[in-house]
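Here is the structure we will look at, set down as structure tokens.
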Amino acid sequence: MSEVKKDKKPILLSGIQPSGHLALGNYVGAMRNWVNLQQDYLGIFMVVDMHAITVRQKPAHLRNRCLSFAAQYLAAGIDPSKNVIFMQSHVPQHAELAWVLNCYTYMGELNRMTQFKDKSKRHEDNINAGLYAYPALMAADILLYQTDLVPVGADQKQHLELTRDIANRFNNTYSPTFKVPEPFIPKAGARIMSLQEPDKKMSKSDANENNYISLLDPPDVLRRKIKRAVTDSAREITPESPNSSGIGNLITIYSVLNDTSVDAVAQQFAGQQYSNFKGELADSLVAFLEPFQDRYNKVIGEKGYLTGILDEGANRARYMATKTLSKVYRKIGFVPAGRS
Ligand code: TRP
């Protein structure tokens, strides 16, 4: 355990909700950055199952998806010997600190959260207290580990701001307890949009499967989805194509897969038919996901290996989280639990 203490790297923390299917958007927007940052940071990467139940889940699906997501973190290249990978619910300190932070979060603040408003609209029959208090749990996730950096997409910025406000409020009320985390906004912020509705973000939980590319889609499905992707009324690629939402999104995807710029792609394919470009894009996508899927299949086929990593991750996480939580309990005036 003492090796955790010696690890002086700054802490990077993130989590993905196990809902839907991990999509190319998650890889580009999140997992790829985690992999790139693991040299310089101690990464804490969770599958946030406790957040997922704010929306009704089928138990068997949730269980499979949680393991599948963890296996995909590994397949993406997150090294379990350098990072802490675990299930949120395996570390009870998340729920414990969340309760405390609920008492330091104002309803007025929660009322302003746009994700709560959106999700309330989408799940009108189940606007539960957990959905409402969700940002306090997310704040607990982050603050438990004295996190330095949180990679966030635009949709999570507001939650991170609130986390910072809660941390400052607590620190000012008592004494410095939590590190106030900084957002990490990746430089090359390629945003991957929906294939059928390219004006909205590609979402792993979209009801229409044709809107997203699942990292586990087999080649024929990948080809079909690209073929059906919405473009515009033009027929061939021009240097202006990156500005048109549908074809521009496909160009972005190609540029990400081939590690080049959108302008370079537009130039490379200038004058070519959309259909031809789509064929090339599908080839790139299949070639890109094949090794990922091979690694995934290996990991998911060896349950003992995966659960071993998750157990070790949870142990390390509990050790780190306990330190912060006991400080919090002491500062707010809870009587220390007896050790007799
Ligand atoms: N709320 C995030 C989302 O919906 C998931 C999440 C939960 C998270 N806890 C976190 C992200 C902590 C970053 C850090 O995407």
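Because only heavy atoms are used, hydrogens play no part in the values below, and waters and symmetry mates are left out as well, while side chains stay in. Ligands are counted one by one from 1 in listed order, and the atoms in each one are counted from 1 as well.
- Taking a cut-off of under 4.0 Å to the non-hydrogen atoms of Ile142, the atoms of ligand 1 that pass are 12 (C), 14 (C).
- Looking from atom 4 (O) of ligand 1 to the surrounding protein, the closest heavy atom is Tyr134 OH, 2.8 Å.
- Tyr145 and His94 have their aromatic ring centers within a separation under 6.0 angstrom.
- Residue contacts with ligand 1, taken as heavy atom pairs separated by less than 4.0 Å, do not involve Asp155 at all.
- Counting the atoms of ligand 1 from 1 in the order shown, those under 4.0 Å from a heavy atom of Leu13 are 12 (C), 14 (C).
- Each of the atoms 7 (C), 9 (N), 10 (C) of ligand 1 lies under 4.0 Å from some heavy atom of Asp141.
- In this structure the side chain of Leu143 reaches within 4.5 angstrom of the side chain of Pro181, judged on heavy atoms.
- Cluster annotation: Met138 is connected to Leu110 through the hydrophobic network of ILVMFWY side chains, with a link wherever side-chain heavy atoms come within less than 4.5 Å.
- Taking the six-membered ring where the residue is Trp, the centroids of Phe69 and Tyr73 are separated by 6.0 Å or more.
- The option from Gly153, Gly15, Ala30, Ser205 that lies nearest to atom 11 (C) of ligand 1, judged by heavy atoms, is Gly15.
- Not less than 6.0 angstrom separates the ring centroid of Tyr41 from the ring centroid of Phe184.
- Judged by a 6.0 Å distance limit and a 45° cone about the ring axis, Lys225 is positioned over the six-membered ring of Tyr212.
- Looking at Gln156, Gln17, His51 and measuring to atom 2 (C) of ligand 1, the nearest heavy atom belongs to Gln156.
- Using a 4.0 Å cut-off to heavy atoms of Val48, the atoms of ligand 1 that qualify are 7 (C), 9 (N).
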